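The structure appears below as structure tokens.
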Protein chains: 2
Amino acid sequence: MLTQTITAPAVSPAKVFSAPRTQGVPAVDQFNVIATCAGVIASEFSYRKDEEIYGEGEPSEYVYQVVRGAVRTYKLLTDGRRQIGAFHLPGDVFGLDAGSAHRLTAEAIADTTVRLVKRRSLEAAAGSNVQVAHNLWTMTASDLRHAEDHMLLLGRKTAMEKVATFLLEMDRRLTRAGMMALPMCRRDIGDYLGLTLETVSRALSQLSDQGILAFSSARQIVLRNRQRLADMDA
Amino acid sequence: MLTQTITAPAVSPAKVFSAPRTQGVPAVDQFNVIATCAGVIASEFSYRKDEEIYGEGEPSEYVYQVVRGAVRTYKLLTDGRRQIGAFHLPGDVFGLDAGSAHRLTAEAIADTTVRLVKRRSLEAAAGSNVQVAHNLWTMTASDLRHAEDHMLLLGRKTAMEKVATFLLEMDRRLTRAGMMALPMCRRDIGDYLGLTLETVSRALSQLSDQGILAFSSARQIVLRNRQRLADMDA
DNA sequence: CGTTAATTTGATCGGCGTCAAGATGCGTGG
DNA sequence: CCACGCATCTTGACGCCGATCAAATTAACG
């Protein structure tokens, strides 16, 4: 069901897109490089909380960049067990599959706005523009690096180490003004870390009891001791 | 310790390299495409069992293709816990990192021969040859697809499901004449699946008791019922 | 303010890890 | 060809971490 609203049919080539400021974002936004090439059309779409953006196995027609909100990409087993592969936050690119079909499902975690470009125009641009081809490669390689780190977490870390790693990752990616505002629920965190939501909750409570973090609400967290958190990560 | 033997300093451009026949190998060997470009030098090296080919964090100077033998690539936690990300069998490419450093360690599982090309010459070729640039991207995307599947396994499958998935993967990749000859030990399998070697051994014994597989030796396995094995995979 | 989702916390269970002992296989040297 | 030594693999007993089941509390939202 594609019920999203078109909020902007196209961006003017003259208008420089201002990527949301994120600590982890490269100095030169690779999505800008590929999206501002001649012939590549960028649009904006919005999705409501929990709305599917694309499904696993569907043809990959577009490549996306989060403008506002957050996205989860995941795989399901037949009985409903879910593994979230990544969370995509403002500035992040997702949906870039080299094959013709998406290999994970993407859903909006909260109300979300994305920019998107047609995959076919990207492929075309890559055929004539070496810079675009190089960016496609390094963006996919960046996803691979994250997946490799996450395999180590899923296969070999304890519950507390997983939660510590998660907090440090989110701290790096979305802490603003000393505060981390998590867009995702405990179940999403559990499905990202290979844990149940109860185990995630217990680990966070324990870290709170130890004074390593403080809640202003369940999803608003302040890290009080990053060093001790890093020590808990293996 | 680079104690490997140079068995062939370079291949003649005229000689067509015959890749080992593997069921899963693409019709056109992508390594051949990139390795036979003008200016790209391919050599052969050999490593003894358990010898390190490169270490995590080392500069990535070469890209490799397995000719004979098998390779494991892995990450370690500080206390020695290990997660193997992939096994590389004859025909497989490994060591292709977009960044300047390897993100995993590579070791020979058995006595192994590899072909290799300098990463810098690949990068140079990608700058002028669109086909090479495209192959770099799709090879990295192929690694990413495997990593995504493996995250689902590590985070959400049971021990028996993990072993079933492993057997079906190895069956697809190395069964010859109805028989699967595993190059790796039980510990390697465990570190690949996020299990202990004992749990792997128990799962294999159970499958043998059920008649789903048969051992001719501990590492020589015949699958007797692929359908029942596929049913055990989630 | 009522309704429902999200989160926390407690009690119990079980799958897989840990520890240990034996069995099997294989390479090496006599 | 056989004996020995070592690595690998199997199997058993037991324990623990995280899952499951359940219920209370808090937060979000119309």
Side-chain angles (χ1 to χ4, degrees), chain A residues 48-50 70 72 77 79-83 109-111 153-167 181-210 213-221 232 234, chain B residues 48-50 70 72 77 79-83 109-111 153-164 166-167 180-210 213-221 232 234:
Chain A
R48 288 187 312 269
K49 178 172 153 65
D50 295 327
R72 57 183 170 246
L77 295 176
D79 63 358
R81 280 173 287 172
R82 183 178 66 158
Q83 179 62 48
I109 293 175
D111 291 349
L153 177 148
L154 291 170
R156 288 305 182 204
K157 290 190 183 180
T158 66
M160 186 52 82
E161 288 167 349
K162 288 176 176 182
V163 171
T165 305
F166 169 78
L167 287 170
L182 297 176
M184 73 290 286
C185 66
R186 298 291 188 264
R187 178 176 297 278
D188 286 343
I189 299 173
D191 285 352
Y192 179 59
L193 300 179
L195 298 171
T196 60
L197 66 93
E198 293 94 332
T199 298
V200 171
S201 179
R202 273 184 253 269
L204 290 173
S205 296
Q206 194 180 324
L207 290 170
S208 176
D209 292 347
Q210 295 178 253
L213 59 80
F215 293 103
S216 51
S217 75
R219 299 191 188 180
Q220 304 268 334
I221 296 177
M232 308 193 73
Chain B
R48 288 187 313 270
K49 178 173 154 64
D50 297 327
R72 58 182 171 246
L77 295 176
D79 62 359
R81 278 173 287 171
R82 183 178 66 157
Q83 179 61 48
I109 293 175
D111 290 349
L153 177 148
L154 291 170
R156 288 306 182 204
K157 291 189 183 180
T158 66
M160 185 54 81
E161 289 167 348
K162 287 176 177 183
V163 172
F166 170 77
L167 287 170
M180 179 176 3
L182 298 175
M184 73 290 285
C185 65
R186 299 291 188 264
R187 178 175 297 278
D188 286 344
I189 300 173
D191 285 351
Y192 179 58
L193 300 177
L195 300 171
T196 60
L197 65 94
E198 293 95 331
T199 298
V200 172
S201 179
R202 274 184 253 268
L204 290 173
S205 296
Q206 195 181 324
L207 291 170
S208 176
D209 292 346
Q210 294 178 253
L213 60 81
F215 292 102
S216 51
S217 74
R219 298 192 189 180
Q220 306 268 334
I221 297 178
M232 307 194 73

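None of the values given here were measured: they were computed from a predicted structure. Within every chain, numbering begins at 1; the chains are lettered A, B, ... in the order of the sequence lines, protein sequences first and strands thereafter.
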* Asked: Rounding to a whole Å, what distance do you find between B:Asp111:CG and C:dG27:P?
  -> 11 Å
* Asked: Would you say the side chain of A:Arg72 lies within less than 4.5 Å of the side chain of A:Asp50, judging by non-hydrogen atoms?
  -> yes
* Asked: A:Asp191 CG to C:dT7 P: how many Å, rounded?
  -> 13 Å
* With no hydrogens and no angle check, is any side-chain donor or acceptor of A:Thr165 less than 3.5 Å from a backbone partner on A:Glu161? -> yes
* Asked: Would you say A:Arg81 has more than 12 foreign heavy atoms packed within less than 6.0 Å of its CZ?
  -> yes
* To do: Could you check if a side-chain atom of B:Gln83 sits within less than 4.5 angstrom of a side-chain atom of B:Leu154, using non-hydrogen atoms only?
  => yes
* To do: In whole angstrom, give the distance that lies between atom CG of A:Asp209 and atom P of C:dT8.
  => 11 Å
Just the atom pairs and distances: protein N or O near nucleotides 17-24 of chain D's N or O, under 3.5 Å.
unit_1: D:dG18; atom_1: OP1; unit_2: A:Ala159; atom_2: N; d: 2.8
unit_1: D:dA19; atom_1: OP2; unit_2: A:Thr196; atom_2: N; d: 3.4
unit_1: D:dA19; atom_1: OP2; unit_2: A:Thr196; atom_2: OG1; d: 3.1
unit_1: D:dA19; atom_1: OP2; unit_2: A:Thr199; atom_2: OG1; d: 2.4
unit_1: D:dT20; atom_1: O4; unit_2: A:Arg202; atom_2: NH2; d: 2.9
unit_1: D:dC21; atom_1: N4; unit_2: A:Glu198; atom_2: OE2; d: 3.2

* Separation of atom NZ in A:Lys49 from atom P in D:dA28, rounded to whole Å -> 12 Å
* To do: May I ask you to verify if any side-chain N or O of A:Arg186 is less than 4.0 angstrom from the OP1 or OP2 atom of C:dT8?
  => yes
* Tell me: CZ of A:Phe215 to C1' of C:dT8, nearest whole Å? -> 10 Å
* Partners of A:Arg82 by side-chain hydrogen bond (donor to acceptor under 3.5 Å, both in side chains), sequence neighbours excluded? -> A:Asp188, A:Asp191
* Do any N or O atoms from the side chain of B:Arg186 and from the backbone of B:Ala218 form a donor-acceptor pair under 3.5 angstrom? -> yes
* Interatomic distance, B:Leu193 CG vs C:dG15 C1' [rounded to whole Å] -> 16 Å
* Checking all strands, does A:Ser205 fall into the base, sugar-phosphate, or nothing category for heavy-atom contacts under 4.0 angstrom? -> sugar-phosphate
* **Nucleotide C:dC16, atom P - distance to CG of B:Leu197 in whole Å** => 15 Å
* Starting from P on D:dC9, measure out to CG on B:Asp188 and report it in whole angstrom. => 9 Å
* Closest listed nucleotide, where the reference is the side chain of A:Arg219 and the choices are C:dT7, D:dT10, D:dT8 -> C:dT7
* Structure fact -> Sequence neighbours excluded, the answer for side-chain hydrogen bond (donor to acceptor under 3.5 Å, both in side chains) partners of B:Asp209 is none
